[in-house]
Every structure is written in C-alpha cells, then in structure tokens.
Amino acid sequence: MNHQKVSFKNGNGETLVGRISLPANQHPHNFVLFAHCFTCNKNLTAIRNISRALTADGFGVLRFDFTGLGESEGEFSDSNFSGNVEDLLEAAKYLEEHYISPTLIIGHSLGGAAAILAAQQISSIKAIATIGAPSDPLHVKHIFKDDIETITDKGTAEVNIGGRSFTIKKQFLEDLKSQSFQETLKNIGKSILILHSPQDNIVEIKNAEEIYIRSHHPKSFVSLDGADHLLSNPKDASYTGEIIGKWSKRYLEMPGAIALETEREVVSSLDASDGFTTQMKVGSHYITADEPVSYGGNNFGPSPYELVSAGLSACTAMTIQMYVKRKKWPLENVEVHTSYQKLHAADCTNCDSSEAKIDTFQREIKLTGDLDDKQIARIMEIADKCPVHKTLKSEINIATTLLNK
C-alpha cells in the first residue's frame, strides 16, 4: 500500500490534513472517502486496517482529520456536526481536482451519519457504508449526558471522551438538533450497506435496524458479530474492509478485464497512456510488468529483467528438487536468490574494449536438510543443468514477425 500525505482547506480556510492510500499494484479503480468517528482521527487503527483491505482490493482511500482534530487546523470547540459534513464536501472536491471523484463513502460511528448527509450532496457517490453508526446524530449526546445541563446553562462544558478532554459548546447541541437526518435517509436514493456489531455498547444495534428500516432499497446489513465499537481487533477491521469492497463493486463502475489472447505462451499489451505498466498473459495466468519509479514506472509489477531472474530462480529450485527426490536425498527446502546486473568483463574474449560489460545473473542457493558435502556438491552441479540456465548460457535466436492488424 502506498501512502501519501495530503492537505486541503475547509470552508473557513483552515488546513485539513489527510492520507491518501493507494494500491501497490495498480491505479485505483475507484476512490473512497472515509469519515472517522466522533473525536477520533484518521490514524485510528481500525481505519488504517479497513483502508488496507480496500487498497488490496484496488481502491484508493482518502482519510483525513476533521477540523480541530489530529493534524488538522481549527478549534474543535468551535466545530459542529454540520462542519464535519462540510469538511467531507471539501475532501470530495480535493479528490475530484487531484485524482478522481469519490464513488464510495464510508462513515464510522457519528462519521456514518455525516457520510449519509454528505453523500446526498456529492453527485459522484454511488454507494454508502456505515459502521456502528447512530440512526440520529443526536445519539452522540449520551457520550456527555452528565454535562448536558452545564452545557445548556453555561453555554460550554469540558467533557472527558475516551480519556481525553474536549470542550463542547451549546451550539454543537443545537446544530445536532437542526439536522434533517431522517428525511435524508428516506430520499438519499443511493445504495447503502449498514455494518454493526450486536455487542456494540456505545451505539446499540437497534440503530442499525432503524437506519435499515428508514432507507430504501438497495440496502444491505452485515452483522459484525463479536466486534467492539472501535473495531479494535484487527481481524474485525480487515473483515469490514473486505466486505465493503466486495459489496460496493455491485454498484460502482469497474474497469473491464483486459482480454489478452495468443497462440503463443506469452503475450504483453501496453497502451500509449500507461507508461511502462504492461498487462501480460503468461500461460493461463494474468500478471502486470512494470519498471521501478526511479526509471519512470509505477512499480506495479516486476521489471522485465526481474521476470527473467524469476524464471531462473524457479527453474533452478524445481530442477534441484526433482533430482534429489529421485535420489531420495533429505532435502527439505531449497531457496534460490537471483539478481541481474551488467558487470565489467575483464576477461571477456569477444569484447571490443576493456569497458565492455557482460550480462550477469548472480544466483545464491540455500539448502535445508541433512545433506553431506558430496550431496551438496552434486546439487550445485545440477543447478547449472536447469533448462533456463542452459538457455541463458546458449546462443539464442529471436525470430520477430509483424502480426496483421
């Protein structure tokens, strides 16, 4: 997973800080906008694990700190729920301008309510996923219920949430009351997935039922049985990310699979707009080849020479194991480490100058097993007899023809 730190302005001109997470082996097919829980931030472990599962499925993910939280500027005490929704709109605008518009929005806890309201105003959003979300933003009042009277009477109160102190102002409560959340649920007209744990003791499971009843189809519910509200168990968070990724693809535009066919063993295909990122069909397997970023590639797959080195490593290991099995020798495992480079060839017989270089594959072999010195020596001889090794050492003819259009 590739992480990039990003920043953008909220409606008051304050800087909000986020992280873009990208797949390691492809360009994102869709972008996700993530709204974290009340007083949390983008670095909550569960959010990172959900994002990791989504990027593994080809999504790009933007998670960021709401105004006054984490690394973002502004005063939390001056923020409110409406401000969170506005922050999400600015985040969507950032994605539209610098990447592609988000098509999936995820909200955790109160962030789920914010995600629903923001989705109504972001035309590119096709699917919504809520995790442990309340059926009404006012539900968050129970977190500081003992301080409600103080907030109402004095206009402000210092409350303890999750072991941290936050200032809550009366305007925050008034803003929660002003939300037309139930009406939005009825009219949102977008696919929604509701994920909730029956054991959630912060936002009770009944909230999921209420969201489901008030929403129109297409709607889905998944029970996160055994999980706590913050998905503190990494397995629960990863499962949540995997479920969201698989579910949302039914409602998002997905790039079609590249149809590569050949009568040969291998075919490669590279569009002019793809840089060095090359799609390949190798036998019945589909892979991506690329060049490192330092060479101008995206590093979405092995380089051509790494593929050649891989063939040599695999063939060497197979040849050795095939030989020792026939001999019934106690070889438990063989590792073949190979790399390619051009080295100066001081003793090269056919070189035009002393500066000439020769292609060199450096191969190291690790043998695990109760082998004696004679057996080891013989295995090292056999390594040089692997078919790919012999091919690379022999004179090679490459016959190239032009296929008809």
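Values below: all heavy atoms of this structure, side chains included; hydrogens, waters and symmetry mates excluded.
- One side chain, Gln199 or Asp225, offers a donor N or O that lies under 3.5 Å from an acceptor on the other.
- Within the 3.5 Å criterion, the main-chain N or O of Lys235 finds no donor-acceptor partner in the side chain of Ser238.
- Residues Asn43 and Arg63 meet the side-chain proximity criterion, which asks for heavy atoms closer than 4.5 Å.
- Side-chain contact check for Leu371 versus Ile379: some heavy-atom pair is nearer than 4.5 Å.
- Annotation: side chain of Phe31 is in contact with side chain of Leu22 (closest heavy-atom distance under 4.5 Å).
- Counting non-hydrogen atoms of neighbouring residues, nucleotides and ligands closer than 6.0 angstrom, the CD atom of Gln341 exceeds 12 such neighbours.
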Exercise. Verify side chain to side chain contact (heavy atoms under 4.5 Å, CB included) between Ile122 and Leu33, making sure each step is shown before the conclusion.
Key: CA-CA 11 Å; Ile122 304 173; Leu33 186 55; 4.3 Å; yes

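- No more than 12 heavy atoms of other residues, nucleotides or ligands sit less than 6.0 Å from atom OH of Tyr295.
- Heavy-atom neighbours of Asn333 CG from other residues, nucleotides or ligands within 6.0 Å: above the threshold of 12.
- When side chains are defined from C-beta on, Thr130 does not count as touching Leu193, because their heavy atoms never get closer than 4.5 Å.
- Every side-chain hydrogen bond (donor to acceptor under 3.5 Å, both in side chains) that Thr338 has, sequence neighbours left out, goes to Ser313.
- Residues Gln279 and Thr288 have side chains that bring a donor and an acceptor to within less than 3.5 angstrom of each other.
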Quiz prompt | From CA spacing to verdict: salt bridge (charged side-chain N to carboxylate O under 4.0 Å, His left out), Asp384, Lys393 | solution = CA-CA 10 Å; Asp384 289 343; Lys393 291 283 288 183; over 6 Å; no

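- Figure legend: Lys219 and Tyr212 shown as a cation-pi pair, the cationic atom lying under 6.0 angstrom from the six-membered ring centre and within 45 degrees of its axis.
- Ring planes of Phe64 and Phe8: perpendicular class, angle over 60° (limits at 30 and 60°).
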Practice problem: Start with the C-alpha gap between Asn49 and Thr45, add the side-chain angles, then the distance that decides, and say whether side chain to side chain contact (heavy atoms under 4.5 Å, CB included) holds. | Solution: CA-CA 6 Å; Asn49 287 329; Thr45 301; 3.5 Å; yes

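- Side chain to side chain, Gln182 and Arg214 meet the donor-acceptor criterion of an N or O pair below 3.5 Å.
- Two residues are said to be in side-chain contact when any heavy atoms from C-beta on lie closer than 4.5 Å; Glu204 and Asp200 fail this criterion.
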Quiz item: Which is it for Glu90 and Lys9 under the side chain to side chain contact (heavy atoms under 4.5 Å, CB included) test, yes or no, and what are the steps along the way?
Solution: CA-CA 7 Å; Glu90 293 299 330; Lys9 300 292 184 180; 6.0 Å; no

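- Taking the six-membered ring where the residue is Trp, Phe59 and His29 present perpendicular rings, their angle passing 60° and hence far from 30°.
- The closest side-chain heavy-atom distance from Val324 to Gln321 is below 4.5 Å.
- The shortest side-chain heavy-atom distance between Ser309 and Phe361 falls under the 4.5 Å cut-off.
- By the 4.5 Å heavy-atom criterion applied to side chains, Ile116 and Ile128 are counted as neighbours.
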Quiz prompt | CA sep, side-chain torsions, deciding dist, call: Thr55, Ser21, side chain to side chain contact (heavy atoms under 4.5 Å, CB included) | solution = CA-CA 7 Å; Thr55 56; Ser21 298; 3.7 Å; yes

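- Atom CG of Asp372 is surrounded by more than 12 heavy atoms from other residues, nucleotides or ligands within 6.0 Å.
- Residues Ser223 and His196 bring no donor and acceptor atom of their side chains to less than 3.5 Å of each other.
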Could you go through residues 297-308 and list every donor-acceptor pair under 3.5 Å that involves a side-chain atom there, pairing it with any protein atom two or more places apart or in another chain?
residue : atom : partner : partner atom : Å
Asn298  : ND2  : Thr277  : OG1          : 3.0
Ser303  : OG   : Glu306  : N            : 3.2
Ser303  : OG   : Glu306  : OE1          : 3.4
Tyr305  : OH   : Tyr340  : OH           : 3.4
Glu306  : OE1  : Ser303  : N            : 2.7

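- Environment of CE in Met280: crowded, with over 12 heavy atoms of neighbouring residues, nucleotides or ligands closer than 6.0 Å.
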Quiz prompt | Test log, rule salt bridge (charged side-chain N to carboxylate O under 4.0 Å, His left out), inputs Lys5 and Glu71 | solution = CA-CA 11 Å; Lys5 187 173 183 178; Glu71 297 179 86; 2.9 Å; yes

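- Counting heavy atoms of neighbouring residues, nucleotides and ligands inside a 6.0 Å radius, atom CD of Glu381 exceeds 12 of them.
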